[in-house]
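Notes follow the structure.
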Amino acid sequence: MSKYHFNEIEAKWQKYWADNKTFKADNNSEKPKYYVLDMFPYPSGAGLHVGHPLGYIASDIYARYKRHKGFNVLHPMGYDSFGLPAEQYAIQTGQHPAKTTEENIIRYREQLDKIGFSFDWSREVRTSNPEYYKWTQWIFLQLFDSWYDIDLDKARSIEELRVVFSSEGNQKVNAACDEDTEKFTASDWKEFSEIQKQEILLKYRLTYLAETEVNWCPELGTVLANDEIVNGVSERGGFPVVRKKMKQWSMRITAYAQRLLDGLEKLDWPQPLKDSQTNWIGRSKGASVEFKVQNSDFRIPVFTTRPDTIFGVSFMVLAPEHQLVEKITTADQKEEVQKYIETTAKRSERERMADVKTISGVFTGAYAEHPFTGESLPIWIGDYVLAGYGTGAVMSVPCGDQRDYDFAKHFNIPIPNIFRDVDISEEAYSGKENTFITNSEFLNDLSYEQATEKIIAALEEKGVGEGKINYRLRDAVFSRQRYWGEPFPIYYKDGMPQAISVEHLPLHLPEVEKYLPTETGEPPLGRADVWAWDEKNLKVVSNKLIDHKTVFPLELNTMPGWAGSSWYFFRYMEDANRDEVFASKEALNYWKSVDLYIGGSEHATGHLLYSRFWVKFLNDRGLVPVEEPIKKLINQGMILGESAFAYRVYLDNSQVEEILEKNPEDYSSDEKEDLRALLDQIKSLYISHSIYKSESPKTIVVNHVKEKMSFKSDILDRLKLKIVPVHVDVKYVNLSNELEVFKLYQSIESKKEFENAVFIGENGLEITRDNNEKYIVGREVEKMSKSKYNVVNPDEICEKYGADTLRMYEMFLGPLEQSKPWNTAGITGVNGFLKKLWKLYHSGKNEAFFVTENEASKDSLKTLHKTIKKVEEDIEGFSFNTSVSTFMIAVNELTSQKCNSREILEPLAILISPYAPHIAEELWSKLGHADSISTVPFPKFEEKHLVESNKEYPISFNGKMRFTMELPLDLSKDEIESAVMAHEKTIQYLEGRTPKKVIIVPGKIVNIVG
RNA sequence: GCUCGAGUGGCGGAAUUGGUAGACGCGUUGGAUUCAAAAUCCAAUGUUGCAAGACGUGCGGGUUCGAUUCCCGCCUCGAGUACCA
């Protein structure tokens, strides 16, 4: 073979690696270990696009590099195969999600194999496999069997808690538990029935069942965690989310808030990602203070970060949902309060978020008592106070908080000033530095720090408050009303949840005839006929037997997507598919934690936070030897695709006029103005985004417009105009043919007019066709997704240019962490490079393989060692794009040096093998080696080949480089100066002047200041 | 609003602790080869100017012999977050 036939070469080596299990990691090795992990994919029906492999290629290069460096590398891959899309597909088609998942996995595997990754497939995991989810269920049971001891700051077993309760009650137990947990003594405990005991224990368990207000997504028919909601709508599908009370499993992640925060410091993770976790945990330091409600026994606890401003309190505000509202509202305010609560409840979360400027609230008629002055403070309710944060109530200090200030101004509540020499006539003062408190009794003339310290002491002494740290982090809801997820190993006896022990796991997902909720609103598992637990025979039996005394109903919810992905990195460590452990002690102790993890930043507050939580928990219970799962993490950027749009414009301004004219009484003139403005806004937006179209004249479908515009949503509602994000494939657009659309694109590119087209903005054309139909054609660079029809498939690239080209090109696109548009224009450059590389080894007659044993030239050695140094530095610094150019430079130089000596070409093949493993293996075998190149030691850099005797000095005048001069490197400063000053060009540039100063940095630069 | 990140040729992007701005690749132009095309190879390519030169890393200042790099003040774009008391 003389020509570079990448197809044959790549197929040959991919087969070789599979047959020889080249990349199988060893759990018993003398070599140091290194664990390189990719975030495993969800196998979607769309298959892989060129964006997916970006991170995998980077991690593969690193894994291969580490093997060359003498490490025993674990580089596994698997599938996060439980999830919503498979289920939704199942609902539509009736196919079992297991089947479509399996099909998708097969396709993913084919695509992955074509790219030449060095994965150890023998360790593959699939979260939806019963052998795998058995252990997800088991971890759930471990959490169920644990409580959090705040004194020891770790999780302990529930059995130990039972022992404590029966010997001393819960008086001294300092645990993370439900807020409504009441105190009892040891003798009380003995008196409790078993059910009562279980009820109490449930308040302590790390995974617990509780009536909680959850984010309910009616369209999806399930609850969502906070991190699954983006901009008030569901992350998947973009459906509205409402608050609803439901009995749900929750994870007591809040017990770990501080440790999750502290642990971040030691992690080698991107700072923005750490910042977002810090922000998500949201620690704030302050104090809790209790305000007594006058003429009652009620107390309102509040959290404040500024207890030093307590003498500035002039009113209280409760969240409308606050449980005390009902109890304290006076009779004459009842009606108004009720009305307000109803209106706020009706407003969706999204509206409430969008509309932060409107100040609203109602006085309850009740008053609280200032804990120090005894002053009466009116108690209001207002929706700027959130039920979900702190205690759902605030002490309002209008002089020190802008929201309190605005509220007070709006409702004419007094604004007492407690800041010395600060003017608050225009706005609140929230500064802390160099201010002193006044009008505050014993806090007068103190600084912020002094006052804070003193007031906390006073609060504690009086028994009305204490220093407190508050977290924004909420416990994570763990129940999903879905089919395609892990079943809970839980059944209900007398209403109390009971664990099914590990010997009886996995608890297999039952068969159902439909994947929808039941008619009575129960989750899909409610449709299963065989879904009850026989306590006596320890097995799943038919629901019909539930009447029997030993058969009980099983949990109908399933676990969320993040359950399986929170521990999968441990399962890979096991080299055998063991049924008796989630991962053996030996494997866990050997591999410990992930050394390098590559994946997208979208998992910052979901997967990466939950994983850390579970690992800390498993560590507490002695089940894993590490506190943190991932040492170093890199977020690869997204590869963006160019999406196209070409829509007919159905609704123009005249049609809107028509709508308005038909129902003139429906709209005021202001509203008409608003509507016209809105349509103009939409029109200007479709220039840069996709276009609106309508199926019926009253429906406008706008893509991405929602995010970009501020509109009055009620107007849209009134007009029954719907705004829904939709992408349409340009192929299906009703222009006469594809060629026409293609030509339109060309004219955008060249900025040439096309027939009756008018440019709108940078990327759009408006075309009026003969029959007066209007179309908008445009382009947009956005995230690749099937629904946007902008997906580029890696298979196409592999077929046309080969996997090595794909790998190098993806790296060459730019820095790994950066998002960049996919553009195939440059791919020929990388492909050409590989051809040149091949030629370098085939410079003999008829382009036959030609490598000699001749001694390498000095220049070639210099090129080689320069390359070794740079490539090594680049890989260690994850700067893969620059090492591709380094290879290009090396091959260009060696080609012009006509280098053909083994001394150079052998190490070069090793250098390049992490990037282009197929061609490297082929060259390696042609060089006469029988074994794979994959574990050959990385070439050693030798400084001596780079040592130069001369330096081309840049000579600059006043900092501007004018010419260069070659001088020996061993010259002293004085010698350099005299050589430079004697140069004719120096004399020319000086024009007879004497330089004021000559700066000489030996080996670097000469600068003459004149 | 707040928190991060980024602004460098026609394009993707290089540039060690401040030391020759624009590596490498794409594109473009010219040339060689070819009946022709593809492929390949050679040369040029920041702007301006015939040239010498001048100007150039978002804008305005500053520090320095010297600033894409450091400091101060702005502008623009992107990402995350959002009534967090």
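Every chain is numbered from 1, with letters handed out A, B, ... down the list of sequences.
- With both pairing distances under 3.5 Å, B:C59 is matched to B:G73 as a Watson-Crick or G-U wobble pair.
- The partner of B:U3, taking Watson-Crick or G-U wobble pairs whose two distances both stay under 3.5 Å, is B:A79.
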Sequence-aligned protein contact record of nucleotides 8-17 of chain B, with B where the base is within under 4.0 Å of a protein heavy atom and S where only the sugar-phosphate is: ----BSS--B
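- Between the P atom of B:G80 and the CD atom of A:Glu602 lies a distance of 10 Å, rounded to the nearest Å.
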Nucleotides 52-58 of chain B: protein proximity per nucleotide (B base, S sugar-phosphate only, - neither; heavy atom, under 4.0 Å): -SS----
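- Both A:Gln271 and A:Val1001 sit near RNA chain B, but only A:Gln271 has its closest nucleotide nearer the 5' end.
- Applying the 90° cutoff around 0 to the glycosidic angle, B:G46 is assigned anti.
- If A:Ile1005 and A:Thr828 are placed on RNA chain B by their nearest nucleotide, the residue sitting closer to the 5' end is A:Ile1005.
- Pairing for B:U34 is absent, with no Watson-Crick or G-U wobble pair whose two atom distances lie under 3.5 Å.
- Taking atom P on both nucleotides, B:A15 is separated from B:G80 by 27 Å, rounded to a whole Å.
- Note: OH (A:Tyr389) to C1' (B:A82) measures 13 Å, nearest angstrom.
- Aromatic pair A:Phe411/A:Phe315: ring centres not closer than 6.0 Å.
- Checking B:G25 for Watson-Crick or G-U wobble geometry (two distances, each under 3.5 Å) identifies B:C11 as its partner.
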